Amino acid sequence: MDIPPLAGRTVAMSFCALPVSYLLNQVSAFSQPLFVVLTSALILGLLFLAVYSLSHGEITYDPLYAVFVIFSFTSVVDLVIALQEDGYMMGFMDFYTKEGEPYLRTAHGIFICYWDGTVHYLLYLTMAGAIRKRKRYRNLGLYWLGSFAMSILVFLPGNILGKYSSEMRPTFFLAILYMLVPCWAGVRIFNQSRAPTSYTPDMVQEEQKKSLFQRPADLALIVYLIFAALFTVFRGLVVLDCPTDACFIYIYQYEPYLRDPVAYPKLQMLMYLFYALPFYCLAAYALAFPGCSWLPDWALVFAGAIGQAQFSHMGASMHMRTPFTYRVPEDTWATFFLSNLLLALGPHLLAFRCLWRPAFFLHAALPSSPQDQDKKQQ
């Protein structure tokens, strides 16, 4: 995969978040929630006008350029929030976490900010750089799409259903607008053309004739997907208060964070149960039977979603902001970490396999017969 260059102009604009957040934090008027949401909307609007005036050609070529630049700005803000909540910075975003989105001060909120301020930030810079250089970024865009969607689908409902539901602020409705972004961006990214492959019809047919035992990597991935599906079902039953002894032991001795009243871990497990579980089954089918051309794209989306979800879940399970009774016990830390790390790595290995040798998933075109070639020559 061709890695496009980073966008230097985007880096400079995104780091404007540091002085802006510091200056706003010094103004006492921002102790009111209404001022916070109005100022946030105003800053985003001014930022869009600046991007549009400075990079009109890039936006005309691909409107997602404006999205990536603006979101790189918010990613720096999120990283500042996470560092401040963990005590590494002071005096930048106190006004926002107190009067804007107090649920960002939870362990789950902090790790969402860390992910957005690092992984998403690098993706925004890279994709903006790709647009400036007129290069492809479809694969990176699909990974970002899954990661961004998973973050929103767990975080926003968790704010409504969890113990912070009584502390909703007007900025929550501004965050709801973020849900429209992956819908529009997803359509544009999926409609981009795929990178051309060098496989001939004969090569595709040869690859698809191989049995599963001739493809040990695929066989290993199928075994992984089966175990991941079983683990997903088990943890789904745990958060649904299954009365069996195994579920009781697991939630108290291995992942007590699933009982945390913030609701994020329960929603995360339900997202796995209703969305990840069907994908595990469909992906296992696509690895066993050739021609499932949808798998490479959706494997990237799924890898981004699971990567973000597992990072936030694992981090919040052990963070100091999580009450001690809900943190992972020290004697089961290794088991918890290993099982959740494998759950995060597996989808990335699946996506890598699909990108590395995609011939098995291509639609097999019948090679031209000698008679057809003679007719073409005539």
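In this text, all values refer to a predicted model and were calculated from it rather than measured experimentally.
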Can you give me the closest heavy-atom contact between [X] and [Y], atom names plus distance?
X    : Y    : value
M314 : M318 : O-CE, 3.2 Å
L343 : I306 : O-CG2, 3.4 Å
H348 : A303 : CE1-O, 3.4 Å
C16  : F73  : C-CE1, 3.8 Å
G236 : L273 : CA-CD2, 4.1 Å
P358 : L355 : CD-O, 3.8 Å

Separation of [Y] [atom2] from [X] [atom1] (nearest 0.5 Å):
X    : Y    : atom1 : atom2 : result
K210 : Q205 : NZ    : CD    : 14.0 Å
Q268 : R235 : CD    : CZ    : 8.5 Å
M89  : L79  : CE    : CG    : 8.0 Å
L350 : F302 : CG    : CZ    : 8.5 Å
S147 : I112 : OG    : CD1   : 9.5 Å
D241 : L258 : CG    : CG    : 11.0 Å

Taking [Y] as the starting point, is it possible to reach [X] by hopping between hydrophobic residues whose side chains are less than 4.5 Å apart?
X    : Y    : result
L345 : F231 : no
F336 : L237 : no
F337 : Y254 : no
L153 : I160 : yes
I81  : Y22  : yes

Under 4.5 Å between any side-chain heavy atoms of [X] and [Y], yes or no?
X    : Y    : value
L47  : M13  : yes
H313 : M269 : yes
F48  : L44  : no
F92  : L24  : no
Y96  : S40  : yes
L287 : R353 : yes
I152 : V181 : no
D260 : R327 : no

Taking the six-membered ring for Trp, are [X] and [Y] closer than 6.0 Å centroid to centroid?
X    : Y    : result
H56  : Y52  : yes
W144 : F68  : yes
Y252 : F248 : yes
F111 : H319 : yes
Y257 : Y326 : no

R215 to F360, cation-pi by 6.0 Å centre distance and 45° axis angle
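Pair R215/F360 counts as cation-pi.
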Within 45° of the ring axis of Y61 and under 6.0 Å from its six-membered ring centre, is that where the NZ or CZ of R134 lies?
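Cation-pi check for R134 and Y61: passes.
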Tell me, with the steps shown, if Y121 and S14 meet side chain to side chain donor-acceptor pair (under 3.5 Å).
CA-CA 9 Å; Y121 182 67; S14 66; 2.7 Å; yes
[X] atom [atom1]: more than 12 heavy-atom contacts under 6.0 Å:
X    : atom1 : value
D331 : CG    : yes
Y199 : OH    : yes
M203 : CE    : yes
F234 : CZ    : yes
Y114 : OH    : yes

Ignoring hydrogens and angles, tell me if any N or O in the side chain of [X] forms a donor-acceptor pair with the backbone of [Y] under 3.5 Å.
X    : Y    : result
Y224 : L342 : yes
T232 : A228 : yes
S53  : A50  : yes
E85  : L104 : no
E101 : G109 : no
Q214 : S211 : yes
R105 : K98  : no
S75  : D116 : yes
Q84  : M93  : yes
T332 : V328 : no

Verdict with reasoning, R357 to E207, per side-chain contact (heavy atoms from CB on, under 4.5 Å)
CA-CA 10 Å; R357 300 185 66 178; E207 182 68 21; 3.3 Å; yes
Evaluate the criterion side-chain contact (heavy atoms from CB on, under 4.5 Å) for residue pair H108 and V154; output intermediate values, then yes/no.
CA-CA 10 Å; H108 185 85; V154 173; 4.0 Å; yes
Stepwise side-chain contact (heavy atoms from CB on, under 4.5 Å) test for L64 and I189
CA-CA 9 Å; L64 286 180; I189 292 173; 3.9 Å; yes
Consider only side-chain N and O atoms of R132 and S55, and report whether a donor and an acceptor are under 3.5 Å apart.
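No, because no side-chain N or O of R132 sits under 3.5 Å from a partner of the opposite role on S55.
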Distance-only polar pair, side chains of D62 and Y137, donor-acceptor under 3.5 Å
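Distance-only check passes for D62 and Y137.
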Under the ring-ring contact (aromatic ring centres under 6.0 Å, His included) test against W298, which residue among F190, F279, Y143 passes?
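Checked F190, F279, Y143 against W298; only one passes ring-ring contact (aromatic ring centres under 6.0 Å, His included): F190.
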Test ring-ring contact (aromatic ring centres under 6.0 Å, His included) applied to W115 and F148, F155, F311, the passing residue:
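The option that passes is F311.
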Run the salt-bridge test on D297 and R194 with the 4.0 Å N-O cut-off and return the result as yes or no.
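Yes.
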Relative to each other, are the rings of F352 and W356 parallel, tilted or perpendicular (30° and 60° limits)?
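Rings of F352 and W356: parallel, under 30°.
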Full working for side-chain contact (heavy atoms from CB on, under 4.5 Å) between I222 and I226
CA-CA 6 Å; I222 290 176; I226 293 173; 4.1 Å; yes
